[in-house]
Amino acid sequence: MAKRVLIVDDAIFMRNMIKDIFAGSGFEVVGEAANGLEAVEKYKELKPDLTTMDIVMPFKSGIEATREIIKHDGRAVVVMCSALGQESLVMEAIEAGASDFIVKPFKSEDVLSVVKKVLGDA
C-alpha cells in the first residue's frame, strides 16, 4: 500500500514540484495545504503517513503547525522544507518535532532519500 503524503507550501509551483516527485515514486499525495492553518486541519482530516512542511508561510508558520500536529499525533512524521540560510529555523523545527529537513532548492533524489529514511524504508 502506497504511503500517503500531505504537501504544505505557500508556493503552488513548489507544491507541484514536490507532488511530481512523490507521484513518480509510488507515493499517494492525499492533500495539499497553502499555509499552516490549513496544514493542521488537513492533517487531522487526512491522517497522512508523511507531511512535507514549508517553514515560512502566512497565517501560521510551518514550525507552529508542526508543533500543533505533533501535539495532536505524537507519531506524525513531518519533514521540513527550507531555503538555504534558514538553519536556525530548521533547528527550531526539529525541536518542535519535525523528523528531518530538506534544503531548497533540492533534487528529487534528495527528497526521496530523506523521506525513505524517516519512514524507515531506507
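- Under the 4.5 Å side-chain heavy-atom criterion for Ile, Leu, Val, Met, Phe, Trp and Tyr, Ile70 and Val40 are members of distinct hydrophobic clusters.
- Pairing each heavy atom of Ala83 with each of Val103, the nearest pair is C-CG1, 4.3 Å.
- A donor-acceptor contact shorter than 3.5 Å is absent between the side chain of Glu64 and the backbone of Lys60.
- Here Lys42 does not pair with Glu32 in a salt bridge; the nearest charged N to carboxylate O distance is not below 4.0 Å.
- One hydrophobic cluster, built from ILVMFWY side chains closer than 4.5 Å, holds both Ile55 and Ile94.
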Item to check | Pair Thr51-Val79, side-chain contact (heavy atoms from CB on, under 4.5 Å): steps then yes or no | outcome: CA-CA 6 Å; Thr51 301; Val79 173; over 6 Å; no
Checklist entry - Going through the checks in order, is the side-chain contact (heavy atoms from CB on, under 4.5 Å) test met by Val78 and Tyr43? => result CA-CA 10 Å; Val78 179; Tyr43 182 87; 5.8 Å; no
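- Side-chain atoms of Arg4 do not come within 3.5 Å of backbone N or O of Val29 as any donor-acceptor pair.
- Residues Met57 and Ile12 fall into different hydrophobic clusters, defined by Ile, Leu, Val, Met, Phe, Trp and Tyr side chains chained together at heavy-atom separations under 4.5 Å.
- Judged purely by atom type and a 3.5 angstrom limit, Thr66 uses its side chain to pair as donor or acceptor with the backbone of Gly62.
- Taking the side chain as every heavy atom from C-beta outward, Val30 and Val5 never approach each other to under 4.5 Å.
- Contact record, Cys81 with Ile18: SG-CD1, 4.3 Å, taken as the closest heavy-atom pair.
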Checklist entry - Passes side-chain contact (heavy atoms from CB on, under 4.5 Å), Val56 versus Leu89? Steps please. => result CA-CA 9 Å; Val56 180; Leu89 291 176; 4.2 Å; yes
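- In the hydrophobic clustering of this structure, Ile69 groups with Leu46; members are Ile, Leu, Val, Met, Phe, Trp, Tyr whose side-chain heavy atoms approach within less than 4.5 Å, directly or through other members.
- Ion pairing between a basic and an acidic side chain is recognised when a charged N comes within 4.0 Å of a carboxylate O; Lys19 and Asp9 show no such pairing.
- With hydrophobic clusters built from ILVMFWY side chains whose heavy atoms lie under 4.5 angstrom apart, Met17 shares a cluster with Phe27.
- Counting non-hydrogen atoms of other residues, nucleotides and ligands closer than 6.0 Å to CZ of Phe106 gives a total above 12.
- No side-chain heavy atom of Asp49 sits less than 4.5 Å from a side-chain heavy atom of Val77.
- Scanning all heavy atoms of the two residues, the minimum distance from Met80 to Ala98 falls at CG-CB, 3.5 Å.
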Checklist entry - Between Val114 and Phe101, is a side-chain contact (heavy atoms from CB on, under 4.5 Å) present by the stated rule, with each step listed? => result CA-CA 8 Å; Val114 168; Phe101 63 92; over 6 Å; no
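- Counting all heavy atoms, side chain and backbone alike, Gly26 lies closest to Ala2 at O-CB, 3.2 Å.
- In this structure, Asp73 and Lys47 have side chains that are not in contact, with every pair of non-hydrogen atoms separated by 4.5 Å or more.
- Using a 4.0 Å cut-off between a side-chain N of Lys or Arg and a carboxylate O of Asp or Glu, Asp54 and Lys104 qualify as a salt bridge.
- Looking only at side-chain heavy atoms (C-beta outward), Val118 and Leu50 come within less than 4.5 Å of each other.
- Using a distance-only test at 3.5 Å, with no hydrogens or angles considered, a donor-acceptor pair links the side chain of Ser25 to the main chain of Ile21.
- Nearest heavy atom pair, residue Ala33 against residue Ala39, reads CB-N, 3.6 Å.
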